[in-house]
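Chain letters run A, B, ... following the sequence lines, proteins first and then strands; every chain starts at 1.
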Number of protein chains: 2
Amino acid sequence: MAKSPRAVTLKDVAERVGVSAAAVSMALAGHRRIGPETTDRIRAAAAELGYVPSSAGKALRRQRSDAIALVVPNSTQHVFGHSYFTHVLTGVTSAANDRDVQVLVSTNSSEASGLTAYERVMRARTADGAVVTSAGIEDPNIERLAASGLPVVLIGNYPELPSAFSVGVDDVAASRSITEHLILEHGRTRLLHVTGPLDHRTAVDRRDGFLQAVAAHGLADDAQVVEGDFSERSGWVAVTGRRFGADGFDGVVFANDDMAFGGLQALRAEGWSVPGDVAVVGFDDFGIARVASPSITTVRVPAEAMARLATDRLFAQIEGEDSVPTRDELPVVLVRRASCGCASPPIDLLDD
Amino acid sequence: MAKSPRAVTLKDVAERVGVSAAAVSMALAGHRRIGPETTDRIRAAAAELGYVPSSAGKALRRQRSDAIALVVPNSTQHVFGHSYFTHVLTGVTSAANDRDVQVLVSTNSSEASGLTAYERVMRARTADGAVVTSAGIEDPNIERLAASGLPVVLIGNYPELPSAFSVGVDDVAASRSITEHLILEHGRTRLLHVTGPLDHRTAVDRRDGFLQAVAAHGLADDAQVVEGDFSERSGWVAVTGRRFGADGFDGVVFANDDMAFGGLQALRAEGWSVPGDVAVVGFDDFGIARVASPSITTVRVPAEAMARLATDRLFAQIEGEDSVPTRDELPVVLVRRASCGCASPPIDLLDD
DNA sequence: ATTAACTGCTGAATCGATAAAGCAAGGAGG
DNA sequence: CCTCCTTGCTTTATCGATTCAGCAGTTAAT
């Protein structure tokens with residue numbers, strides 16, 4: 001380190017060329033009131049000196065930071081574990097990169113002064129807006145943030161926040177659809193559903209989709225719902241000690257893939273064959289479903305596309321184009337693999 | 001958004017209390033030259049108005065952004081796919097959060113004006129420093145960045161950049177160690193090594209460790225090295241069509257878990273038993289090794305701890321404490337699972 | 001009693017970029 | 001010939017926070 005070569009500023013370029021700083025600023029912005037010959041000289045000098053405008057100076061003057069925040073309300077440990085986050089980050093950064101906007105990742109670890117970290121980021125105008133993900137149904141901070149008048153787009157379903165911008169999938173329909181896959185294409189009739197934590201909208205919706213499916217096919221009496229928490233362990237726990245096969249459940253619908261994977265291990269440990277004795281399906285397809293053995297049939301949630309769209313909506317909001325809240329719902333795809341009995345190569349390398 | 005409630009500034013707080021802006025600034029900073037009674041009134045007013053200092057104003061004046069960049073030189077698609085990145089991000093954010101510093105994720109997608117995006121971030125002083133990860137041995141941008149005098153810490157091994165700060169693991173020793181595990185504990189003698197792309201230091205080091213191990217035990221003649229590229233597919237390709245078992249290789253050392261997983265699928269497809277006919281080991285333990293069937297014995301690289309330490313070193317550098325480059329090497333752990341023949345429960349839920 | 005030091009605040013300068021207003025010189029139009 | 005519009009720049013104000021230099025008024029020291 002030692003020598004921290006003072007950064008090149010507008011003034012440096014101006015002196016080099018022999019014009020005012022304002023002229024340099026205007027020339028670099030392509031303003032027509034600066035002569036073409038001067039503009040060329042300024043551009044050349046800027047390039048030669050390696051001038052890059054100070055983001056702080058620009059942000060202060062323009063009242064715009066050219067950065068957006070990706071907010072992860074849940075604890076760092078928990079959510080980063082889900083590779084869901086990786087997909088979201090990819091979507092957000094690619095949309096932001098298209099506009100030369102920085103992405104900052106904000107968690108709410110420091111709960112100092114009653115303000116969550118991401119609220120601070122917004123109020124300090126470190127970011128022009130935020131994409132918020134993985135919020136539980138109960139999070140009051142999200143409501144505050146969405147109601148604060150600051151540009152925010154939520155990923156997920158928030159029927160209780162009708163005035164918020166959001167991007168999601170139809171969890172109810174998707175869950176009903178994959179349940180019906182078990183019923184109609186595999187003839188399963190005695191179904192178990194393992195939910196996520198029921199204070200999450202996602203968990204509730206997926207459960208409701210399951211219930212609609214069994215009700216619609218007259219299988220409600222033989223169906224059962226047990227609450228999990230989206231963790232692998234809870235999937236394991238939910239199926240352990242139950243009866244499957246001929247005189248038990250012949251299908252299990254897990255509300256996500258992590259639980260399905262945990263369930264798969266438990267079923268194997270207790271000697272049940274999948275999909276022979278019991279068919280298993282998951283939800284999400286963020287990674288583990290493809291690599292598990294047997295590979296897990298699931299609903300692919302387009303996390304990256306959702307994040308990209310959410311980011312686009314956020315920019316529209318920041319630019320003031322949109323003033324009326326938007327709600328986007330993306331289609332999902334049923335991915336047929338081995339755990340439900342659909343044929344599948346041992347590995348689908350082309351899958352991802 | 002219609003009503004964008006103009007942000008609360010220092011001036012607003014000052015007017016409310018009836019003092020100068022300077023007094024407010026000093027009071028909030030805990031300066032002793034402001035009377036205790038005035039300080040209390042200022043603090044109360046600031047809290048009441050919900051004052052949060054503008055990061056742009058502060059950054060401009062202090063010449064410090066209180067943000068660091070996490071730089072991912074490779075293409076977004078490629079690297080985010082590796083869940084390695086998730087671990088790194090967790091480590092960086094947790095270290096940054098401890099200091100109330102923002103983390104921004106920077107890729108080099110926009111190659112505009114010859115400057116990579118992350119170099120722009122540094123020169124625009126959007127970030128005070130950068131943690132750089134996943135750089136190939138060949139990347140000239142990294143050298144430029146490291147030589148630029150800006151605070152940078154690299155994650156990985158960069159013997160060709162002796163004046164750079166870096167944090168890594170001893171890939172050579174680790175690779176030798178896991179190879180010897182196959183030799184000494186499982187009696188394997190005919191070993192195949194599948195490398196990563198050999199323009200990556202990591203790939204070269206792991207190959208060298210493998211070669212040291214076979215040479216040390218007189219198995220060099222029966223050993224073979226084939227080049228892969230760290231992708232699942234290349235692991236598949238590397239073992240397909242080869243002979244294993246009694247008259248072939250009885251052990252394969254993959255340079256990472258993704259390739260090991262691909263290799264596992266290929267071996268299964270061709271009817272070889274793992275670990276019966278052939279023992280398999282990987283490297284990294286970023287996720288897939290635990291959930292594969294059979295689970296993959298591997299070297300756990302402490303990505304999160306490396307990232308956390310790298311971030312700590314970066315802050316030391318930014319604060320100017322450290323002026324002489326540091327090089328940290330973290331210990332790795334051999335994780336014994338099923339693919340090498342070490343006993344293992346069907347799933348180790350406590351593992352992660 | 002006079003100087004020195006301290007206390008508690010205010011005023012002004014500063015960080016770097018931008019945009020509005022200003023101003024000189026030249027050309028067009030009446 | 002005088003006004004009016006361009007053209008091509010410069011001056012100046014501004015964004016919000018910080019910090020140094022001042023400046024009254026008080027207390028301590030000699």
If you define the side chain from C-beta out and look only at heavy atoms, does anything of [X] sit under 4.5 Å from [Y]?
| X | Y | value |
| --- | --- | --- |
| A:Ser25 | A:Leu10 | yes |
| B:Ile155 | B:Val132 | no |
| B:Val153 | B:Gln317 | yes |
| A:Val8 | A:Val52 | no |

Notebook entry, point to check: Is there a salt bridge (charged side-chain N to carboxylate O under 4.0 Å, His left out) between B:Arg308 and B:Asp98 once you walk through the steps?
Noted result: CA-CA 11 Å; B:Arg308 184 175 251 291; B:Asp98 290 348; 3.5 Å; yes
Margin query: Over all strands shown, is A:Val24 touching base, sugar-phosphate only, or nothing at heavy-atom distances under 4.0 angstrom?
Written below: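 If one applies the 4.0 Å heavy-atom cut-off, A:Val24 turns out to touch nothing in the nucleic acid.
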Next item on the list: Quick one: which residue pairs count as a side chain to side chain donor-acceptor pair (under 3.5 Å) with a foot in residues 29-46 of chain A, not counting sequence neighbours?
Entry: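 Qualifying pairs, neighbours excluded: none.
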Check: Near DNA chain D, under 4.0 Å by heavy atom, which residues of residues 29-44 of chain B?
Finding: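 Hits under 4.0 Å, by residue number: none.
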Quick one: which protein N/O atoms are closer than 3.5 Å to N/O atoms of nucleotides 15-18 of chain D? Pair and distance per line, please.
| from | atom 1 | to | atom 2 | distance (Å) |
| --- | --- | --- | --- | --- |
| D:dC15 | O3' | A:Gln63 | OE1 | 3.4 |
| D:dC15 | O3' | A:Gln63 | NE2 | 3.4 |
| D:dC15 | O2 | A:Arg61 | N | 3.3 |
| D:dG16 | OP1 | A:Gln63 | NE2 | 3.2 |
| D:dG16 | N2 | B:Gly57 | O | 3.1 |
| D:dA17 | OP1 | B:Tyr51 | OH | 2.8 |
| D:dA17 | OP1 | B:Ser54 | N | 3.0 |
| D:dA17 | OP2 | B:Leu10 | N | 2.4 |
| D:dA17 | O5' | B:Tyr51 | OH | 3.4 |
| D:dT18 | OP2 | B:Ser25 | OG | 3.1 |
| D:dT18 | O2 | B:Arg61 | NH1 | 2.2 |

Item checked: Axis bend over the full length of the helix from C:dA1-D:dT30 to C:dG30-D:dC1, computed from five pairs that close each end, to 10 degrees ->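 The end axes of the helix from C:dA1-D:dT30 to C:dG30-D:dC1 are about 60° apart, to the nearest 10°.
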Checklist line | Counterpart residues, salt bridge (charged side-chain N to carboxylate O under 4.0 Å, His left out), relative to B:Arg16 (two or more places apart) | finding: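 For B:Arg16 the salt bridge (charged side-chain N to carboxylate O under 4.0 Å, His left out) partners, ignoring immediate neighbours, are B:Glu48.
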Next item on the list: Could you check how far CE of A:Met26 sits from P of C:dA21, rounded to whole Å?
Entry: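 Spelled out: CE on A:Met26 to P on C:dA21 is 12 Å.
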Next item on the list: Check the pair A:Ser166 / A:Asp328 against side-chain hydrogen bond (donor to acceptor under 3.5 Å, both in side chains), numbers first and verdict last.
Entry: CA-CA 6 Å; A:Ser166 70; A:Asp328 295 285; over 6 Å; no
Next item on the list: Answer yes or no: is there a donor N or O on one side and an acceptor on the other, between the side chain of A:Asn157 and the main chain of A:Gly168, under 3.5 Å?
Entry: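 Not confirmed, A:Asn157 side chain does not pair with A:Gly168 backbone.
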Note to self: List the residues meeting side chain to side chain donor-acceptor pair (under 3.5 Å) with B:Asp312, not counting sequence neighbours, and say none if there are none.
What the structure shows: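 Side chain to side chain donor-acceptor pair (under 3.5 Å) check on B:Asp312 returns B:Arg99.
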